[in-house]
Amino acid sequence: MAKSQLDKTSVITDFKSHETDTGRTFTLSTYPMLGKRYRIRARRLQLATAFIWSAFCLDATVQPNILFITVDDMNADSVGVFGCPVPDTTPNLDQLATEGMRFEHAHVQVANCSPSRNVLQTGRYPQNSGVEGFYDVEPTFPILPDLLSEAGYRTGIWGKVADTTPFSGYNWDKVLRSKGDPGSIKSTTELHRITREFINGSQEAKQPFYLVLNINDPHHPLFNSAAAKKKGHDNFPPSRIFTPDEVVVPGFLPDLKQVRQDVTNYYNSVRRADDLTGAALRALDDCDVRENTIVMFLSDHGMPFPFAKTNLYHHSTRTPWIVRIPGTVKPGSVDSEHMISAIDFMPTILDLCDIAAPEGMDGRSFAPLLHGHPQEGRDRVFKEFHENSKGVRNPMRAVETKRYGYIFNPWSDGTRVFRSGTLYSPTYKAMAKSAKDSTQIAARIQHFNHRVVEEFYDYEKDPDALQNLVDDPAYADQVKELRQSLQNWMEAMDDPALGAFVNRDNPTALGSFIRQQDAGSAARLASGDQRKRK
């Protein structure tokens, strides 16, 4: 593949403002972050340009740096500006949002680690990238760090290295590692140090950088748990520690003593994730690269509790997506109109960096939204789930709009039990124990374990997905519309689950599909391809 290059003939050579093809006026100071569809036509060099050039300290031929920060297992509404009911959880992220744009309706495609992260780096749904679970895939297409490297970028990563690309041995230019104490992956001092070292190394090499920082909070083991203490994680506590009486238990969980303590440990881990994010952002300032660095922040999926992680409910996939691009994104802006999702990350980065997009990506750039322009076709997102780390298949498909959500569970037959890492959490164990004395909790456990083939929720009225409305006559039109929308998408994707969906009222057809899924997973496990990670 030919190495992508910037078109050096198209740099700005006039200090005056110009109209783009979208009708918006941009000035010289906005250029370094603009994608090529917004690039201003070259004009003759004028003497005044030199003055403006030095005044803005920008070089239009220099590609922007990219800092991509992810956190692990964090709900969108655990972030203050995204409506967290617990005060003071994320001061650094709240500040970042005031400096950039936050997306109120952003989602990931799948709510478990490796499949979700690979959507970001491939621009493809899991069924199209091949990364449906925790196993290596040799891609036949370029991924994001490939294209950025070809364009002259220095690529680096810290944390979740094997989970970020289709195969675990991907050749990043630099794999960053924390030093010292085994728990130092939770150290803000260490993350600040390694981030600065990578940026300094890129400056010495005279290369723009693509740095992926994967913070593994608030993933289990959570702060203050026995496992976290054993690993040395609690040697690096958060900057603020919450107590059980300060937190709010999510509405989709019962407010039991053990659950409240688990949620408290979660929020303390959220605060530490925010501390680590702040340390990385300070490194940009310390290295004087803030003004030419795209910052994107999001979570790989929802919180590590039943009905969130490894599911397709609203809280499973909604992510706190924040973008900061000095001189391009209006500080403090909020997009509450459009829906974006993880498949759009790669095409957007390529667009902002003026790099040609490869064929075959499922997503599209949302760069126009960053400039305040509307974009059609952003009224819904499609989501899917396949399996967890041990290869147990529980395939699901879903479509969600800003108000409604429809979920298809072909595995649900009344006897098959849903398997997920959240079954081993203190919260699930407390729920299972309490179900013996509470019919309400028993019903929640029953639903979590077995589901039904179809679910439909009015998330505007019921964000916690407590009342399945699929058979409610008042919502018949909405159910029909989303069923058809999901079928259209499945047909476009040539989805292997399409036959099961079309025959969703036929238990024999659903059973046949699940047996095929199980057989494929068993063969992969027998071959030794499965990676042993959660």
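Values reported hereafter were calculated over all heavy atoms of this structure, with side chains retained and with hydrogens, waters and symmetry mates removed. These numbers come from a predicted model, not from an experiment.
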Handout entry: Sidechain-backbone polar pair: Gln109 side chain, Ile343 backbone, donor-acceptor under 3.5 Å
Key = yes

Handout entry: Salt bridge Arg271-Asp217, side-chain N to carboxylate O under 4.0 Å
Key = no

Practice task
Is it possible for you to check whether Arg451 lies under 6.0 Å from the centre of the six-membered ring of Phe448, through NZ or CZ, and within 45° of that ring's axis?
Solution key: yes

Handout entry: Aromatic centroids of Tyr125 and Phe382 separated by under 6.0 Å
Key = no

Problem - Asp300 (side chain) donor-acceptor with Asn112 (main chain) under 3.5 angstrom - result: no

Handout entry: Any side-chain donor near an acceptor of the partner, Asp362 and Asn128, under 3.5 Å
Key = yes

Problem - Neighbour count above 12 (heavy atom, 6.0 Å) for Asn171 CG - result: no

Handout entry: Asp286 atom CG, neighbour heavy-atom count above 12 within 6.0 Å
Key = yes

Exercise for the section: Can you measure from CZ (Arg196) to CG (Asp285) and round to the nearest 0.5 angstrom? Expected result: 10.5 Å

Problem - Asn311 (side chain) donor-acceptor with Lys309 (main chain) under 3.5 angstrom - result: yes

Handout entry: Set of residues satisfying ring pair (Phe, Tyr, Trp, His ring centres under 6.0 Å) with respect to Phe297, sequence neighbours excluded
Key = none

Problem - Gln478 side chain near Thr401 side chain, heavy-atom distance below 4.5 Å - result: no

Practice task
Would you kindly say whether Asn468 and His447 are connected by a side-chain donor-acceptor distance under 3.5 Å?
Solution key: no

Fill in the blank from the handout: What one should report as the nearest heavy-atom pair of Pro85 and Asp77 is CD-O, 3.7 Å

Problem - Arg260 (side chain) donor-acceptor with Val247 (main chain) under 3.5 angstrom - result: yes

Practice task
Would you please say whether a donor-acceptor pair under 3.5 Å links the side chains of Tyr266 and Ser78?
Solution key: yes

Handout entry: Carboxylate-amine/guanidinium contact Glu337 Arg378, below 4.0 Å
Key = no

Handout entry: Modelled atom types, side-chain donor and acceptor of Asp275 and Ser239, under 3.5 Å
Key = yes

Exercise for the section: Return yes if some donor-acceptor pair links the side-chain N/O of Arg416 with the main-chain N/O of Asn394 below 3.5 Å, else return no. Expected result: no

Exercise for the section: Look only at the side chain of Gln375 and the backbone of Pro368, and say whether a donor-acceptor pair between them is shorter than 3.5 Å. Expected result: no

Exercise for the section: Might you point out which heavy atoms bring Pro218 and Ser269 nearest each other, and give the distance in Å? Expected result: CB-CB, 3.5 Å

Exercise for the section: Evaluate the side-chain proximity of Tyr457 to His314: yes if any heavy-atom separation is below 4.5 Å, no if none is. Expected result: no

Exercise for the section: State whether the side chain of Gln258 and the backbone N or O of Lys429 hold a donor-acceptor pair below 3.5 Å, judged by distance alone. Expected result: no

Problem - salt bridge (charged side-chain N to carboxylate O under 4.0 Å, His left out) against Asp72, all qualifying residues, sequence neighbours excluded - result: Arg117, Lys160

Problem - Glu104 and Lys402 ion-paired at < 4.0 Å - result: no

Problem - Glu190 bridged to Arg177 by N-O distance under 4.0 Å - result: no

Problem - Spacing of CG belonging to Asn265 relative to OG belonging to Ser225, to within rounding of 0.5 Å - result: 6.5 Å

Practice task
Would you indicate whether the side-chain heavy atoms of Leu298 and Ile322 approach each other to under 4.5 Å?
Solution key: no

Problem - Under the salt bridge (charged side-chain N to carboxylate O under 4.0 Å, His left out) test, residues paired with Arg397 that sit two or more places apart - result: Asp495

Problem - Donor-acceptor contact below 3.5 Å, side chain Asp344 vs main chain Arg364 - result: yes

Problem - Residues Lys229, Asp234: salt bridge by 4.0 Å N-O rule - result: no

Fill in the blank from the handout: Residues passing the side-chain contact (heavy atoms from CB on, under 4.5 Å) test with Pro374, sequence neighbours excluded, are His338

Exercise for the section: Would you please say whether a donor-acceptor pair under 3.5 Å links the side chains of Thr427 and Asp262? Expected result: yes

Handout entry: Aromatic ring proximity, centroids under 6.0 angstrom, Tyr313 and Phe252
Key = no

Exercise for the section: Please confirm whether Arg154 makes a cation-pi placement over Phe198, using NZ or CZ under 6.0 Å from the six-membered ring centre and within 45° of the ring normal. Expected result: yes

Practice task
Can you measure from CD1 (Ile294) to OH (Tyr210) and round to the nearest 0.5 angstrom?
Solution key: 11.0 Å

Problem - Polar side-chain atom of Asp94 near backbone of Val79 as donor-acceptor pair, under 3.5 Å - result: no

Handout entry: Minimum heavy-atom distance Asp274-Thr89, with the two atoms named
Key = CB-O, 4.0 Å

Practice task
Go through Trp172 and Thr165 one step at a time and tell me if the side-chain contact (heavy atoms from CB on, under 4.5 Å) criterion holds.
Solution key: CA-CA 10 Å; Trp172 296 86; Thr165 53; 3.8 Å; yes

Exercise for the section: Begin with the C-alpha distance, continue with both residues' side-chain angles, and end with the deciding distance and a verdict on side-chain contact (heavy atoms from CB on, under 4.5 Å) for Val131 and Ser114. Expected result: CA-CA 8 Å; Val131 187; Ser114 191; 4.2 Å; yes

Exercise for the section: Step by step, work out the side-chain contact (heavy atoms from CB on, under 4.5 Å) result for Val110 and Glu132. Expected result: CA-CA 9 Å; Val110 53; Glu132 296 180 350; over 6 Å; no

Fill in the blank from the handout: Rounded to the nearest 0.5 Å, the CD1 atom of Ile69 sits from the OG atom of Ser299 at a distance of 13.0 Å

Fill in the blank from the handout: Smallest heavy-atom separation, Pro326 atom then Thr293 atom, equals CD-O, 3.7 Å

Handout entry: Partner set under side-chain contact (heavy atoms from CB on, under 4.5 Å) for Ser420, not counting sequence neighbours
Key = Thr310, Asn388, Phe418, Thr422

Handout entry: Side-chain heavy-atom pair Leu93, Thr277 within 4.5 angstrom cut-off
Key = yes

Completion exercise
Between Val259 and Ala430, the two heavy atoms sitting closest are CG2-CB, 4.2 Å

Problem - Lys NZ or Arg CZ of Arg318 over Phe82 ring: under 6.0 Å, within 45° - result: no

Exercise for the section: Look up atom CE in Met431 and atom CG in Leu253, then write down how far apart they are to the nearest 0.5 Å. Expected result: 6.0 Å

Handout entry: Thr90 side chain vs Gly80 backbone, donor-acceptor pair below 3.5 Å
Key = yes

Problem - 4.5 Å side-chain heavy-atom contact, Pro166 and Thr122 - result: yes

Exercise for the section: Taking the side chain as every heavy atom from C-beta outward, state whether Arg240 and Glu246 have any pair of such atoms under 4.5 Å apart. Expected result: yes

Practice task
Would you kindly say whether Asp136 and Tyr170 are connected by a side-chain donor-acceptor distance under 3.5 Å?
Solution key: no

Handout entry: Non-hydrogen atoms of Ile66 and Cys353 that approach each other most closely
Key = CD1-SG, 3.6 Å

Practice task
Show your reasoning for whether side-chain contact (heavy atoms from CB on, under 4.5 Å) applies to Thr319 and His301.
Solution key: CA-CA 6 Å; Thr319 189; His301 51 72; over 6 Å; no

Problem - Residue pairs fulfilling salt bridge (Lys or Arg N to Asp or Glu O under 4.0 Å) with at least one residue in residues 166-175, sequence neighbours excluded - result: none

Exercise for the section: Side-chain contact test, heavy atoms from C-beta onward, threshold under 4.5 Å: evaluate it for Ser521 versus Glu387 and give yes or no. Expected result: yes

Handout entry: CG-CG distance between Asn65 and Leu211, expressed to the nearest 0.5 angstrom
Key = 9.5 Å

